[in-house]
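Every chain is numbered from 1, with letters handed out A, B, ... down the list of sequences. Keep in mind it's a predicted model, so treat the numbers as computed, not measured.
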Amino acid sequence: MLEKNYNPKDFEEKIYASWEQNGDFKPDMDKNKEAFAVVIPPPNVTGVLHMGHALDDTLQDILIRYNRMLGKNVLWQPGMDHAGIATQMVVERNLAKDGITRHDLGREKFIETVWKWKEQSGGTICRQLRRLGASCDWSRERFTMDEGLSRAVRKIFVNLYKDGLIYKAKKLVNWDSKFMTAVSDLEVVQKETVGKMYYYKYPIEGSEGEFIHIATTRPETMFGDTAVAVSKENEKLKHLIGKKAVLPIVNRSIPIIGDEHADPEKGTGAVKITPAHDFNDFEVGKRHNLPLINILNPDTTLNENTPFPGLDTQTARRKTIEKLEELGLMEKIEDHPMVIPYGERSDVVIEPLMTDQWFVDAPKLAKEAVRVVEEGKTEFVPKTYEKTYFEWMRNIQPWCISRQLWWGHQMPIWYGPDGEIFCEENEEEAQAVADKHYGRHVALTRETDVLDTWFSSGLWAFSTLGWPDKTEYLKTFYPTSVLVTGFDIIFFWVARMMMMSMYMMKEVPFRKIYMHGLVRDEQGRKMSKSKGNTIDPMETIEKYGADALRFFMAAMETQGRDINVSEARIAGYRNFATKLWNAARFGEMNEVSLPADFDVSRVKDTVNKWIVAKAEQATKEVTDNLNAFRFSDAANAVYQFVWGTFCDWYIEMIKPVLYGADEEVKTETRAVFAWVLKRILIILHPFMPFITTELWNNLVGPETKLIKAPWPQAENFDAAVVKEVDWAIDLITAIRSLRSEMNLPASTRLTVYLKDANGESAAALRQFNRIICSLARLEKLECFAPSAEISKDMVQSVFKEAVILLPLKGVVDFAAEKERLNKELASLNKNLEGYARKLGNASFVERAPAAVVEEEKRRQAEALENKAKIEEALARIAGF
RNA sequence: GGGUGUGUAGCUCAGUGGUAUGAGCACUACGUUGACAUCGUAGGGGUCGCUGGUUCGAUCCCAGCCACACCCACCA
């Protein structure tokens with residue numbers, strides 16, 4: 001027996017545990033079945049579930065469950081990312097509580113500590129994903145740092161290196177002074193601030209009191225200046241090209257060069273060139289063969305190439321200005337709005353710094369990754385994201401993959417005594433190759449840098465399936481079917497997976513990429529801890545159940561749009577679950593059950609036929625929409641069917657049958673009710689797996705598993721039957737509306753006549769008489785005899801071709817009634833004007849499709865008829 | 001500076017070249033009708049951002065404009 005109240009906490013976790021214990025999430029590896037695979041975007045090992053995951057993983061679970069029910073061989077591959085910087089940060093923070101730094105421990109000990117932390121505190125999110133109902137095959141859970149995946153990383157690294165696609169270079173990179181590591185362009189966020197623009201001047205060498213005027217936001221970098229540039233087109237300044245300027249304070253002479261980088265419109269028109277500390281200047285320096293002077297230490301304090309070694313940039317900036325002022329070279333300081341780069345994780349200012357780093361030749365790898373999308377081998381849904389993808393891929397820069405961190409994949413690079421590089425999958429091989437190279441045994445030192453986290457997640461689509469081994473899983477599930485992820489990691493992750501997969505597998509990682517938007521707060525603001533507007537999905541689940549949250553995500557997911565979390569709406573979907581729960585209870589109370597030999601095509605009763613047809617219709621809608629990744633349409637189709645059709649109409653319509661004496665119809669109705677409910681549980685299951693399973697176990701029994709129930713093929717249905725019952729529904733609605741307008745309490749049983757009903761309507765009226773009377777709360781419903789006289793006491797309302805007559809002895813308020821009819825008349829007249837205008841337009845009649853013109857004529861005729869009826873009714877009560 | 005997206009009911013959003021049967025929430029009135037008040041019934045509420053164009057017809061297609069959001073680039 002079902003509990004009186006829907007209480008998801010009673011069963012959600014229990015049901016999940018039973019699925020997992022029974023191995024229901026595992027693929028059956030049946031070779032005859034089509035394979036369907038999804039790899040989860042690996043959450044950070046440090047992560048906890050947020051609304052973005054709730055959306056992402058709900059959508060994946062819907063696809064997974066749907067395809068599992070379609071009878072495919074389904075794998076949802078779970079796992080986690082080691083999240084280099086994020087994890088190192090968490091562990092370092094923990095150590096700091098005991099006053100320990102990672103350097104106190106040393107590299108090896110520190111890494112050990114991280115692993116220990118991972119075992120104990122990592123992976124909260126996987127437990128939370130279970131609570132959400134994610135049907136991942138947890139027995140295959142992978143971690144980007146585990147043995148297999150590490151092997152994949154080393155192998156692909158060596159391949160790329162030997163193909164010349166990974167190389168070491170001294171380049172200007174984004175330097176994070178907090179973690180003292182290089183970071184990629186993507187890990188830098190630009191923040192708007194109001195800074196200062198400093199104007200000062202450099203004396204021209206060999207001149208008397210001639211200066212070149214400079215504007216900069218970073219005066220302390222002047223010690224790294226190796227030129228001043230002006231545009232050759234700059235009429236005012238071009239005469240200085242070829243002369244030399246003297247760098248004040250350090251009195252170093254630097255050339256004044258002509259370069260188009262100097263925009264005459266900006267600043268003073270002359271730009272100081274600091275090739276070692278500015279990306280643009282670096283390019284200028286390359287063009288003019290300028291020397292590079294590095295002025296920063298790894299912690300971004302100034303070094304011995306400056307007068308202020310050891311000072312941080314801010315202090316050095318102050319000192320520099322003081323000095324310039326002393327020398328009388330400072331001119332002015334202005335407020336200046338600008339964007340300053342910050343480390344995504346560290347939140348410190350990123351300084352461009354010259355360092356030795358490792359790069360992946362992304363421009364080369366991007367070519368294939370672009371081609372396969374152009375050719376449609378991988379499709380983005382929605383398609384507009386392809387443009388973003390192409391745009392970025394076609395302008396991609398070399399990818400800096402080395403990080404001066406400890407937590408991560410240490411690069412498989414060894415250096416010989418003279419710095420010779422040996423890149424092999426392990427130390428033994430490197431040693432062997434090196435020994436052969438030198439003709440003697442040599443000592444090797446390993447590169448200490450680790451790889452960017454996204455390097456290993458870039459392999460996720462195949463490394464998790466067992467590559468480099470030729471596993472059964474790799475053969476079966478690669479390329480995977482669809483990747484579901486947010487557009488915010490399209491460059492970080494999707495692009496890299498495309499590149500890495502094309503390089504190594506020569507085959508796309510996924511056939512489709514479904515990109516969803518961001519989850520925002522109720523007002524549409526981005527959720528962030530600092531704003532304090534985050535909503536914890538676990539709390540939401542606690543309050544409303546996982547099913548409600550899941551359904552919310554599905555119902556709100558329309559392609560290409562962000563989702564604003566609305567608690568009221570989540571509560572609404574909890575109510576939806578309650579509604580279904582109570583419908584099931586209604587069934588239980590009325591002893592519905594599905595006989596083994598039940599054949600839905602043999603159903604006789606019209607209302608039963610109707611609900612079967614509606615169920616087929618809903619099934620088709622859900623199926624079509626899921627196939628097209630139209631999650632909200634799919635969810636709304638079930639919602640509408642369950643609440644608006646099954647509960648609002650079918651249950652109400654069968655009550656007279658179930659409480660009546662016709663055993664034959666009653667038996668059939670009980671079976672059909674069970675059949676429809678079962679159908680609902682099936683098509684709702686991908687969205688709301690918990691309540692559907694709970695109800696299924698109650699209705700059908702746990703022996704047959706809903707999670708693997710075959711997805712129904714929507715059957716054709718009898719359109720005529722649908723029309724008949726829909727007619728009855730319209731009539732009921734019209735009568736209810738009329739009685740509400742007349743202020744007739746629900747308790748008064750009325751008599752209603754239908755005048756001028758045609759043959760079909762008269763038949764339907766007879767057939768559904770009991771139902772209509774029951775739902776519209778009538779005493780009697782009959783066709784009005786054509787010969788009979790319409791009494792003055794009868795309220796009239798046009799219904800399709802007929803007129804509803806509602807006798808109200810002595811209680812009709814004629815004034816109000818006239819007003820009501822006149823209002824109707826006015827609206828009809830307005831419509832008639834429109835029809836007349838259109839049909840009077842020769843070019844409309846001539847050029848619009850015949851069907852449209854016909855429809856317009858039909859509407860006009862109908863409106864004219866209705867008008868006549870209302871005028872008739874008005875005439876009848878004219879004297880009152 | 002380059003790009004993308006969005007402006008539809010009070011709110012959050014669906015949707016569509018042919019009267020907006022729009023949805024949920026909110027609102028109003030009525031309701032203890034033998035599943036459900038986490039409910040039912042009925043109802044009010046929109047010149048579909050602005051201006052042009054294409055079309056017999058535009059909220060929908062095209063162009064321009066305005067507003068908002070996001071992405072990329074940019075420390076002179």
Side-chain angles (χ1 to χ4, degrees), chain A residues 2 4-6 185 190 193 195 197-199 214-218 221 229 261-263 266-274 278-281 336 338-341 349-352 384-385 387-388 391-392 395 487-488 490-491 517-518 522-524 526 544 555-556 558 560-566 568-569 571-590 632-633 636 639-640 647-648 651-652 655 658-659 733 736-741 743-747 774-775 777 830-831 834-835 838 841-849 851-853 855-856 859:
Chain A
L2 294 169
K4 173 138 190 339
N5 293 313
Y6 164 63
D185 295 348
Q190 308 287 344
T193 43
M197 178 73 85
Y198 303 89
Y199 292 85
I214 304 288
T216 181
T217 54
R218 297 189 301 165
T221 61
H261 169 58
D263 181 345
K266 279 183 168 173
T268 60
V271 194
K272 63 193 271 308
I273 301 298
T274 321
D278 182 283
F279 288 100
N280 286 315
D281 293 2
H336 181 68
M338 56 186 195
V339 282
I340 295 179
V349 175
I350 295 294
E351 296 283 352
T384 47
Y385 284 111
K387 216 173 163 180
T388 314
E391 199 54 36
W392 193 72
N395 297 301
F487 70 85
D488 50 324
I490 185 169
F491 305 139
L518 246 50
E522 195 123 32
Q523 282 86 46
K526 211 165 165 173
Y544 300 106
M556 295 305 287
T558 52
R561 265 190 105 118
D562 289 347
I563 289 177
N564 296 357
V565 174
S566 150
R569 202 145 180 159
Y573 291 122
R574 187 271 322 269
N575 295 355
F576 171 62
T578 306
K579 189 77 182 174
L580 176 64
W581 184 266
N582 283 309
R585 279 183 61 232
F586 174 83
E588 197 176 51
M589 287 167 187
N590 287 284
S632 73
D633 289 339
N636 288 332
Y639 183 95
Q640 199 45 51
C647 292
D648 285 351
I651 290 184
E652 295 307 322
K655 276 177 183 171
L658 293 175
Y659 304 145
T733 308
R736 281 172 173 172
S737 186
L738 196 59
R739 63 183 298 159
S740 170
E741 265 179 89
N743 274 318
L744 299 167
S747 50
S774 158
L775 298 200
R777 309 195 64 71
K830 204 182 143 205
N831 287 346
Y835 303 139
K838 265 194 172 176
N841 181 346
S843 52
F844 169 75
V845 178
E846 202 178 304
R847 309 178 87 147
V852 172
V853 178
E855 175 63 14
E856 206 68 14
R859 282 175 188 157

Please work out if Ser632(A) contacts a base, only the sugar-phosphate, or nothing of the nucleic acid, heavy-atom cut-off 4.0 Å. nothing
Identify the nucleotide, in any strand shown, that forms a Watson-Crick or G-U wobble pair with A67(B), with both distances under 3.5 Å; if there is none, say none. U6(B)
Go ahead and name the base partner of A23(B); Watson-Crick or wobble counts if both distances stay under 3.5 Å, otherwise write none. U12(B)
Starting at the 5' end of RNA chain B and moving along, which residue's nearest nucleotide shows up first, Arg585(A) or Gln190(A)? Arg585(A)
Just N and O in the side chain of Ser737(A): are any of them under 4.0 Å from OP1 or OP2 of G43(B)? yes
What's Arg736(A) touching, base or sugar-phosphate or nothing? Going by heavy atoms closer than 4.0 Å. sugar-phosphate
Pick the P atom in G46(B) and in A20(B), then give their distance to the nearest Å. 13 Å
Donor-acceptor pair present, Glu391(A) side chain and A73(B) base, under 3.5 Å: no
Identify whether any heavy atom of Tyr198(A) sits under 4.0 Å from a base atom; if not, whether one sits that close to sugar-phosphate; answer base, sugar-phosphate or nothing. nothing
Checking N1-N3 plus N6-O4 or O6-N4 for Watson-Crick, or N1-O2 and O6-N3 for wobble, each under 3.5 Å, the partner of U59(B) is none
Touch check for Ala848(A), heavy atoms < 4.0 angstrom, all strands: base, sugar-phosphate only, or nothing? base
Kindly point out which of G5(B), C36(B), C56(B) is positioned nearest to the side chain of Thr384(A)? G5(B)
Check whether any side-chain N or O of Arg847(A) sits under 4.0 Å from OP1 or OP2 of C56(B), and answer yes or no. yes
Tell me whether the OP1 or OP2 atom of A35(B) has a side-chain N or O from Lys655(A) closer than 4.0 Å. yes
Report yes if at least one side-chain N or O of Lys579(A) is closer than 4.0 Å to OP1 or OP2 of C36(B); otherwise report no. no
Nearest to side-chain heavy atoms of Ile651(A), which nucleotide of C56(B), A35(B), A14(B): A35(B)
G1(B) - base-pair partner by Watson-Crick or wobble geometry, distances under 3.5 Å: C72(B)
Shortest side-chain distance from Phe491(A), nucleotide among A35(B), C56(B), C72(B): C72(B)
Please measure how far the P atom in U6(B) lies from the corresponding atom in C74(B), and state the result in whole Å. 28 Å
If the P atom of A63(B) is compared with that of G3(B), how far apart are they to the nearest Å? 13 Å
For Tyr639(A) and Tyr573(A), take the angle between the two ring planes, folded into 0 to 90°, and tell me which bin it lands in: parallel under 30, tilted 30 to 60, perpendicular over 60. perpendicular
Quick check, does Trp581(A) stack with A35(B)? I mean ring centres under 5.5 Å and planes off by under 30°. no
Measure the shortest side-chain to side-chain distance between Leu518(A) and Phe487(A) over non-hydrogen atoms and say whether it is less than 4.5 angstrom. yes
For the side chain of Glu652(A), starting at C-beta, report the closest nucleotide among C36(B), A14(B), U19(B). C36(B)
Indicate, with a heavy-atom threshold strictly under 4.0 Å, whether Tyr835(A) touches base, sugar-phosphate, or nothing. base
What's Thr268(A) touching, base or sugar-phosphate or nothing? Going by heavy atoms closer than 4.0 Å. nothing
If we call it a pair only when both distances are under 3.5 Å in a Watson-Crick or G-U wobble match, what pairs with U41(B)? A29(B)
Using the C1' atom on both, measure U21(B) against G15(B) and round to a whole Å. 13 Å
Re C48(B): Watson-Crick or G-U wobble partner, both distances kept under 3.5 Å, found to be none
Could you tell me whether Arg859(A) contacts a base, only the sugar-phosphate backbone, or nothing, with contacts defined as non-hydrogen atoms closer than 4.0 Å? base
Which is true for Thr193(A) with a 4.0 Å heavy-atom rule: it touches a base, it touches only sugar-phosphate, or it touches nothing? nothing
Using the C1' atom in both, what is the distance from G49(B) to A58(B), to the nearest Å? 16 Å
Return no unless some side-chain N or O of Lys830(A) is found under 4.0 Å from OP1 or OP2 of U19(B). no
Charged N-O contact under 4.0 Å between Glu391(A) and Lys387(A): no
Do Lys526(A) and Asp562(A) have side chains that get closer than 4.5 Å, going by heavy atoms? no
What contact category does Ser566(A) fall into here, base, sugar-phosphate, or nothing, at under 4.0 angstrom with non-hydrogen atoms? nothing
Could you check which of C56(B), U12(B), A35(B) has an atom nearest any side-chain atom of Ser843(A)? C56(B)
Which whole number of Å gives the distance between the P atom of G24(B) and that of G31(B)? 23 Å
Any idea which of A76(B), A14(B), C75(B) is nearest the Thr558(A) side chain? A14(B)
Tell me if a side-chain donor or acceptor on Arg736(A) pairs with a main-chain N or O of Leu775(A) at a distance below 3.5 Å. yes
As a test of reading the structure: which of G18(B), A76(B), A35(B) is closest to the side chain of Met589(A), going by heavy atoms? A35(B)
Within a radius of less than 6.0 Å around CD of Glu588(A), do more than 12 heavy atoms belonging to other residues, nucleotides or ligands occur? yes
Categorize Asp278(A) for me: base, sugar-phosphate, or nothing, with a 4.0 angstrom heavy-atom threshold over every strand shown. sugar-phosphate
C1' atom, C75(B) versus A67(B): distance in rounded Å? 30 Å
side-chain N/O Arg561(A) vs G7(B) OP1/OP2, d < 4.0 Å: yes
With C1' as the reference atom in both, quote the distance from C62(B) to G1(B) in angstrom, rounded to an integer. 26 Å
Heavy-atom pair of closest approach, residues Lys579(A) and Cys647(A): CE-CB, 3.6 Å
Reckon Thr388(A) touches a base, only the sugar-phosphate, or nothing at all at heavy-atom distances under 4.0 Å? nothing
Heavy atoms only, 4.0 Å cut-off, all strands: where does His261(A) land among base, sugar-phosphate and nothing? base
Counting heavy atoms from C-beta on, name the nucleotide in C74(B), G40(B), C36(B) closest to the side chain of Asn280(A). C74(B)
Classify the nucleic acid contact of Leu738(A) as base, sugar-phosphate or nothing, counting any heavy atom under 4.0 Å across all strands shown. nothing
Of the nucleotides C25(B), A42(B), G34(B), which has the atom closest to the Tyr659(A) side chain? G34(B)
If pairing means Watson-Crick or G-U wobble with both distances under 3.5 Å, then the partner of G17(B) is none
Heavy-atom donor-acceptor pair, Glu856(A) side chain to Lys838(A) backbone, under 3.5 Å: no
Can you identify which nucleotide, out of G18(B), U38(B), A35(B), has its nearest atom closest to the Asn575(A) side chain? U38(B)
Base, sugar-phosphate, or nothing for Ser740(A), non-hydrogen atoms under 4.0 angstrom? sugar-phosphate
